Amino acid sequence: MPRIDADLKLDFKDVLLRPKRSSLRSRAEVDLERTFTFRNSKQTYSGIPIIVANMDTVGTFEMAAVMSQHSMFTAVHKHYSLDDWKLFAANHPECLQHVAVSSGSGQSDLEKMSSILEAVPQVKFICLDVANGYSEHFVEFVKLVRAKFPEHTIMAGNVVTGEMVEELILSGADIIKVGVGPGSVCTTRTKTGVGYPQLSAVIECADSAHGLKGHIISDGGCTCPGDVAKAFGAGADFVMLGGMFSGHTECAGEVIERNGQKLKLFYGMSSETAMKKHAGGVAEYRASEGKTVEVPYKGDVENTILDILGGLRSTCTYVGAAKLKELSRRATFIRVTQQHNTVFS
Amino acid sequence: MPHIDNDVKLDFKDVLLRPKRSTLKSRSEVDLTRSFSFRNSKQMYTGVPIIAANMDTVGTFEMAKVLCKFSLFTAVHKHYRLDQWQEFASQNPEPHFSHSIWLPAQAQALRTLSSWNRSWKLFPRNTCLDVANGYSEHFVEFVKDVRKRFPQHTIMAGNVVTGEMVEELILSGADIIKVGIGPGSVCTTRKKTGVGYPQLSAVMECADAAHGLKGHIISDGGCSCPGDVAKAFGAGADFVMLGGMLAGHSESGGELIERDGKKYKLFYGMSSEMAMKKYAGGVAEYRASEGKTVEVPFKGDVEHTIRDILGGIRSTCTYVGAAKLKELSRRTTFIRVTQQMNPIFSDEH
């Protein structure tokens with residue numbers, strides 16, 4: 001008989017952070033940088049732990065160039081060629097410490113990634129991304145990549161439960177991507193019925209990872225700076241954003257003009273749009289698990305970055321965290337039925 | 001590991017008041033006036049405890065003139081100059097009038113405060129100390145400082161949402177604590193920071209803490225209709241502060257906008273980009289704006305809105321059998337609901 005887990009699992013929208021006494025005078029005093037030493041690669045990294053998702057619309061070189069100015073990270077999508085990478089490395093050597101090369105678990109992906117890492121040795125991060133991090137095949141793949149690249153920091157996912165976080169860390173991954181189906185252009189939950197509310201997933205996975213001195217990324221589900229703060233509060237070491245960074249100048253794709261409104265395309269990497277673009281169409285045996293939307297054009301990503309970082313600093317002052325690192329220790333979530341007053345929404 | 005408080009906290013929209021047997025014959029018998037004696041200033045005050053918020057669009061001198069006719073309060077916004085205050089005071093010398101004005105103060109303005117001291121003698125002794133985050137140690141010190149300089153002024157301070165901080169501010173010298181983080185209609189703090197507390201639960205918990213020390217609280221924000229004001233009083237609020245419900249009137253700040261035959265007035269949060277541009281020259285690099293700007297339909301004179309609110313509360317009192325506003329919270333039983341009203345003919349959400 002199927003089992004029902006009666007504990008209610010929570011999303012960002014189900015909670016708010018409770019304010020706490022604080023000795024901070026101004027939000028300008030808050031330090032958002034973190035320094036990590038990774039479990040398996042033994043590498044050390046310092047930066048503001050927000051990552052642009054490895055989607056071909058947002059995880060672009062143009063985005064990486066802006067992000068690195070703020071010490072933020074970009075998981076560059078896997079569809080750039082070796083030559084594209086060489087050119088980028090030559091033009092933007094200062095960015096390379098803040099980017100990862102992405103790969104799926106296929107042979108051709110692995111070969112391309114290996115050639116990029118060989119050509120651009122300054123890149124120290126690998127992002128191994130599959131829709132379903134639960135497959136035995138993926139665990140074997142992580143072990144293979146670890147053996148091949150013993151000193152690179154490996155991000156791997158996606159999973160949503162503690163035991164799989166532990167398995168991937170013990171197989172050689174350093175940072176586990178957490179999230180199945182929370183993204184704004186992800187339709188996995190409607191297509192498959194599978195998923196896990198993001199806040200609970202982050203709390204549970206962070207607990208497992210930190211027990212092994214591993215780290216996690218909360219990947220997906222953030223719709224506003226407050227959600228980013230909640231993800232950090234829940235224990236995420238990094239937060240990955242796709243939709244919130246979509247629609248900017250630095251995103252791939254043309255600006256569309258219709259009825260005087262400017263728009264940009266944004267889509268999931270398992271959507272029909274992406275599969276047509278990169279795989280020649282949706283294979284017969286599978287459904288697309290993403291959608292395609294036109295988002296209003298938002299201009300340069302710089303403004304969005306300042307808005308997110310300003311929001312996070314404000315959160316930290318509200319709960320009395322002088323550093324981002326302290327946020328989860330100072331976080332008490334209260335359960336709510338609505339996020340905000342909707343009178344003028 | 002972060003802590004989750006599993007009790008679900010409630011907003012006004014999550015509850016309704018349960019009617020109770022009542023001996024009142026008519027709602028005209030209901031007395032909405034309350035008298036308070038404040039804990040630290042020892043001052044007395046009598047009036048209908050509804051306050052226009054200290055936002056530059058709502059907390060205007062024009063609003064104060066009308067509200068005082070109904071014995072309502074106005075927390076005048078902090079952006080009037082001293083000479084504007086002097087002019088206003090000379091035109092409105094009636095003693096009852098001065099009782100319903102709350103002077104603004106602000107951490108950064110402490111030095112100006114003492115220079116204002118003389119002009120304050122024109123007014124009785126009410127000060128509103130308002131910061132976005134009442135949890136900072138710095139603010140507690142500021143409240144103590146103001147209390148020392150102005151021992152007989154009634155001090156409102158906020159904003160906070162939890163009992164322990166209400167107690168701290170009262171013990172530091174505040175008389176009335178403003179309760180509410182993020183519930184306002186033009187406040188985006190919850191979206192920008194993830195921080196906040198559902199207003200009904202915040203009021204119930206904070207009122208309990210304040211009343212235990214003979215202090216008082218203001219429910220600040222989140223009221224979208226007279227029923228919400230009644231719920232705030234029912235939950236234990238001594239005062240209810242309104243921004244959005246009083247926006248868009250003749251007495252509100254800002255110009256009337258006309259477009260496509262419709263009239264609007266601007267309303268915005270005091271941490272919105274609009275307000276920061278107006279008063280601080282823009283949004284500082286290290287911060288995000290935490291408010292929005294909206295155009296609200298022009299509603300005419302505020303007098304009608306006031307009658308509507310007061311009429312609604314009188315009706316609430318008769319439904320639950322409270323002859324005085326003071327009895328409302330004692331007579332209150334909230335029931336949890338999933339919808340407020342039948343939405344069939346509603347153009348709102």
Side-chain angles (χ1 to χ4, degrees), chain A residues 8 10 12 14-28 30 199 203 206-207 210 223-231 233-235 306-320 327-345, chain B residues 1-11 13-14 107 132-140 159-162 164-165 168 181-199 201 221-222 224 244 267 271 283-290 292 294 296 338 348-349:
Chain A
L8 190 61
L10 302 171
F12 296 134
D14 298 319
V15 300
L16 285 171
L17 286 155
R18 182 183 180 287
K20 290 190 179 163
R21 299 192 59 166
S22 159
S23 55
L24 292 167
R25 272 161 184 267
S26 155
R27 60 198 88 181
V30 175
L199 184 88
I203 290 175
D207 196 44
H210 297 162
T223 60
C224 54
D227 290 346
V228 181
K230 290 174 190 173
L306 293 181
D307 196 49
I308 295 171
L309 301 185
L312 272 179
R313 285 195 192 93
S314 182
T315 310
C316 286
T317 57
Y318 269 117
V319 303
L327 182 54
S328 78
R329 257 177 281 153
R330 309 266 317 166
T332 296
F333 290 107
I334 51 168
R335 291 188 45 195
V336 304
T337 59
Q338 76 175 13
Q339 280 296 304
H340 59 103
N341 188 325
T342 54
V343 166
F344 296 123
S345 293
Chain B
M1 207 168 125
H3 176 75
I4 295 189
D5 193 343
N6 260 313
D7 257 16
V8 177
K9 303 296 179 185
L10 302 172
D11 264 305
K13 69 153 187 48
D14 298 318
N133 176 6
Y135 284 80
S136 90
E137 259 333 279
H138 177 58
F139 184 63
V140 174
N159 281 20
V160 302
V161 286
T162 50
E164 89 288 354
M165 204 63 208
E168 174 73 20
I181 290 185
S185 56
V186 286
C187 183
T188 58
T189 291
R190 293 182 185 176
K191 289 192 88 162
K192 288 293 167 75
T193 70
V195 176
Y197 214 93
Q199 189 67 2
S201 294
S224 59
F267 179 52
S271 292
V283 182
E285 274 255 322
Y286 62 87
R287 57 189 291 174
S289 83
E290 288 181 22
K292 57 182 155 189
V294 294
V296 295
T338 57
E348 290 174 22
H349 0 254

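Computed from a predicted model, the values in this text were never measured in an experiment. By convention in this document, chain letters (A, B, ...) are assigned in the order of the sequence lines, proteins followed by strands, and residues within each chain are numbered from 1.
Residues A/Ile334 and B/Gly196 share a closest heavy-atom pair of CD1-O, 3.4 Å. Contact between B/Lys192 and A/Pro225 at its shortest, heavy atoms only, is O-CB, 3.3 Å. Minimum interatomic distance between A/Ala234 and B/Pro2 (heavy atoms only, all atoms of both residues): O-CG, 3.5 Å. Closest non-hydrogen pair, B/Tyr135 versus A/Lys20, comes out as CB-O, 3.3 Å. In this structure, A/Ser23 and B/Glu137 approach most closely via the heavy-atom pair CA-CB, 3.8 Å. Of all heavy-atom pairs between A/Leu16 and B/Tyr197, the closest is CD1-N, 3.8 Å.
Only the side chain of B/Val294 comes within less than 4.5 Å of a heavy atom of chain A; its backbone N, CA, C and O stay farther away. In this structure, chain B has a heavy atom under 4.5 Å from the side chain of A/Ser26, while its backbone stays farther away. With a 4.5 Å cut-off on non-hydrogen atoms, B/Glu168 touches chain A through its side chain but not through its backbone. Contacts between B/Val161 and chain A at a heavy-atom distance below 4.5 Å involve the side chain alone, from C-beta outward. Neither the backbone nor the side chain of B/Ser201 comes within contact range of chain A; no heavy atoms are under 4.5 Å apart. Heavy-atom distances place the side chain of B/Thr162, and not its backbone, under 4.5 Å from chain A. Within the 4.5 angstrom heavy-atom criterion, only side-chain atoms of B/Val140, from C-beta onward, approach chain A. The part of B/Asp14 that comes within reach of chain A is its side chain, from C-beta onward, which places non-hydrogen atoms under 4.5 angstrom from that chain.
B/Thr193 places no side-chain N or O within donor-acceptor distance of the main-chain N or O of A/Thr315, the cut-off being under 3.5 Å.
For B/Ser289, there are no side chain to side chain donor-acceptor pair (under 3.5 Å) partners, not counting sequence neighbours.
Between B/Thr189 and A/Ser314 there is no side-chain heavy-atom pair separated by less than 4.5 Å. Contact check for B/Asp5 versus A/Arg335: no side-chain heavy atoms found under the 4.5 Å cut-off.
Heavy-atom pairs under 4.5 Å with chain B were tallied for A/Arg329, A/Arg330, A/Arg313; the largest tally goes to A/Arg313. Contact count versus chain B (heavy atoms, under 4.5 Å) is highest, among A/Val336, A/Thr332, A/Leu8, for A/Thr332.
Around NZ of B/Lys191, the count of heavy atoms belonging to other residues, nucleotides or ligands within 6.0 Å does not exceed 12.
Here the CZ atom belonging to B/Arg190 is positioned 11.5 Å from the CG atom belonging to A/Leu17, to the nearest 0.5 angstrom.
A/Arg18 and B/Glu164 are joined by a salt bridge, as a carboxylate oxygen and a charged side-chain nitrogen come within less than 4.0 angstrom of each other.
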